[in-house]
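Following: one structure in structure tokens, then a few remarks.
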Amino acid sequence: MSHWRELPAELHPDVRHLIVRLRRLKDRSELSKRGLAAKTGYSAKSWQRYLNGRSLPPREAVESMAGVGGDNPHRLLVLHEIAAQRWSEGRAITTPATASATDDGPAPPEHAPTEHQSQGRHLRVAVTAAAVVTALSVTAALLLAVRLTEARAQLADERAGVAATAVATVSESMVPVIYTCELEQRDGRWYAGLSRTTDILLSNTQMGLEVAEAQCLLQRAGSEPGDIDGVFGPKTRRAVERMQKRGGLIVNGVIDPPTWQALREGAPQ
């Protein structure tokens, strides 16, 4: 478990919420900052600034962290959008306007403002008010979206507690993700850097890092599953059946323990 430095007290709660979530994903990945840099393309020093609250991470870095930590990128990107707005609001705060009215500044005009000046002032006030109303509306909509996303995530966590070994299934609300296969061989077994499982059952409509791991290993074995998107669809099923038939296994289109063993230990075709 990482020992994190306390975040700056002046951080807005929405920014703090995003950074805490990123820290949890980093802990879940068990990667060092150098390992995180290798996975995401952002330097270790950059991640040190992001995770200590000294700099707001860019959208692409947040999306990369979601892939590394196995989280829903849509939820993290909503949090990032709100945090970015809060961050920019904090940067926009300046000293009072009285600083521009120094002792050496010009004296105010003694004559009364003309009708044209009065109309221009009213127009600026109206535009500013409209901008404030729009900003408040957008903020309220974003906050509502975050609350709904958090509620859905909480419900998903509760369901996962009931069936901890269940693999996620495809739904219309999921955001497509393309994973990168980082193949390496350890102790005679092949791994793609997404999951180390050897026994979880995978079949149609299931999705997640385990499915993406299997797709990488199928591709390595010469049985093309299509995109490495972590979704067990028809192409992945046909790739499994071809691999099972070629390896003398029971052809059922399901990635079971014997199929995992063949994928982990087999030589590329």
Side-chain angles (χ1 to χ4, degrees), residues 25 28-31 35-36 38-41 60 63-77 152 156-157 159-160 162-269:
L25 292 178
R28 184 189 302 175
S29 70
E30 299 182 355
L31 293 173
L36 192 60
K39 290 279 187 181
T40 62
E60 293 76 8
E63 190 171 7
S64 298
M65 178 65 88
V68 170
D71 201 0
N72 186 337
H74 177 68
R75 176 174 55 188
L76 268 186
L77 291 177
R152 290 172 182 168
D157 292 341
R159 290 177 178 174
V162 176
T165 58
V167 179
T169 56
V170 178
S171 67
E172 295 181 356
S173 62
M174 299 307 296
V175 178
V177 177
I178 300 300
Y179 296 91
T180 301
C181 302
E182 298 183 1
L183 293 169
E184 62 176 344
Q185 191 175 29
R186 294 183 182 178
D187 301 327
R189 292 192 172 194
W190 286 95
Y191 299 92
L194 299 169
S195 173
R196 301 183 65 83
T197 184
T198 58
D199 55 6
I200 191 168
L201 294 177
L202 300 175
S203 59
N204 277 339
T205 75
Q206 291 180 326
M207 63 180 298
L209 293 174
E210 293 81 5
V211 177
E213 175 81 7
Q215 289 173 330
C216 289
L217 297 179
L218 285 166
Q219 189 178 69
R220 187 199 69 85
S223 188
E224 183 59 48
D227 291 336
I228 309 300
D229 55 4
V231 177
F232 201 119
K235 289 185 180 180
T236 300
R237 179 182 177 84
R238 289 194 292 270
V240 173
E241 292 174 346
R242 289 194 299 269
M243 179 267 176
Q244 290 173 331
K245 183 177 181 179
R246 190 167 56 217
L249 302 172
I250 296 175
V251 180
N252 55 13
V254 176
I255 301 181
D256 49 18
T259 305
W260 275 117
Q261 183 176 359
L263 288 172
R264 294 289 189 198
E265 299 179 356
Q269 300 294 322

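Leu194 and Ala212 make their closest contact through CD1-CB, 3.5 Å (heavy atoms, listed as atom of the first residue, atom of the second, distance). Smallest separation of non-hydrogen atoms from Gln244 and Val251: OE1-CA, 3.4 Å. Pairing each heavy atom of Ala214 with each of Leu263, the nearest pair is O-CD1, 4.5 Å. Between Lys235 and Gly226 the shortest heavy-atom distance is CD-CA, 4.3 Å. Shortest non-hydrogen contact noted between Ala239 and Ser223 is O-OG, 2.6 Å. A pairwise comparison of heavy atoms in Leu201 and Gln206 identifies O-OE1, 3.4 Å as the closest pair.
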Set out, in order, the CA-CA distance, both residues' side-chain angles and the distance that settles side-chain contact (heavy atoms from CB on, under 4.5 Å) for Trp260 and Asp199, then state yes or no. CA-CA 7 Å; Trp260 275 117; Asp199 55 6; 5.6 Å; no

What verdict does the side-chain contact (heavy atoms from CB on, under 4.5 Å) test give for Leu36 and Val68, after you've listed the backbone C-alpha separation in whole Å, the side-chain angles of each residue and the deciding distance to 0.1 Å? CA-CA 8 Å; Leu36 192 60; Val68 170; 4.1 Å; yes

Begin with the C-alpha distance, continue with both residues' side-chain angles, and end with the deciding distance and a verdict on side-chain contact (heavy atoms from CB on, under 4.5 Å) for Thr236 and Leu218. CA-CA 9 Å; Thr236 300; Leu218 285 166; 4.2 Å; yes

Leu217/Trp190 under side-chain contact (heavy atoms from CB on, under 4.5 Å): CA gap, chis, key distance, verdict: CA-CA 8 Å; Leu217 297 179; Trp190 286 95; 4.0 Å; yes

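Residues that satisfy the side-chain contact (heavy atoms from CB on, under 4.5 Å) test with Gln261, not counting sequence neighbours, are Glu265. In this view, Arg237 and Asn204, Phe232, Glu241 satisfy the side-chain contact (heavy atoms from CB on, under 4.5 Å) rule, not counting sequence neighbours. Every salt bridge (charged side-chain N to carboxylate O under 4.0 Å, His left out) that Glu182 has, sequence neighbours left out, goes to Lys39.
Residues Glu210 and Leu202 have side chains in contact (heavy-atom distance under 4.5 Å, counting atoms from C-beta outward). Considering only heavy atoms from C-beta on, Cys181 comes within 4.5 Å of Ile228 through its side chain.
Summarising the local packing, CD1 of Ile250 is surrounded by 12 or fewer heavy atoms from other residues, nucleotides or ligands at distances under 6.0 Å.
The pair Arg186-Glu184 meets the salt-bridge criterion, with a side-chain N (NZ, NE, NH1 or NH2) lying under 4.0 Å from an Asp/Glu carboxylate O.
In this structure a side-chain-to-backbone donor-acceptor pair under 3.5 Å is present from Arg242 to Glu224. For the pair Arg189 (side chain) and Arg264 (backbone), a donor-acceptor distance under 3.5 Å is absent.
With hydrogens and angles left out, the side-chain atoms of Thr197 and Glu213 include no donor and acceptor closer than 3.5 Å. Side-chain N/O atoms of Gln215 and Asp229 include a donor and acceptor closer than 3.5 Å.
Once rounded to the nearest 0.5 Å, the distance linking OG of Ser195 with CG of Leu209 reads 7.0 Å. In this structure, CE on Met243 lies 14.0 Å from CD on Gln219, to the nearest 0.5 angstrom.
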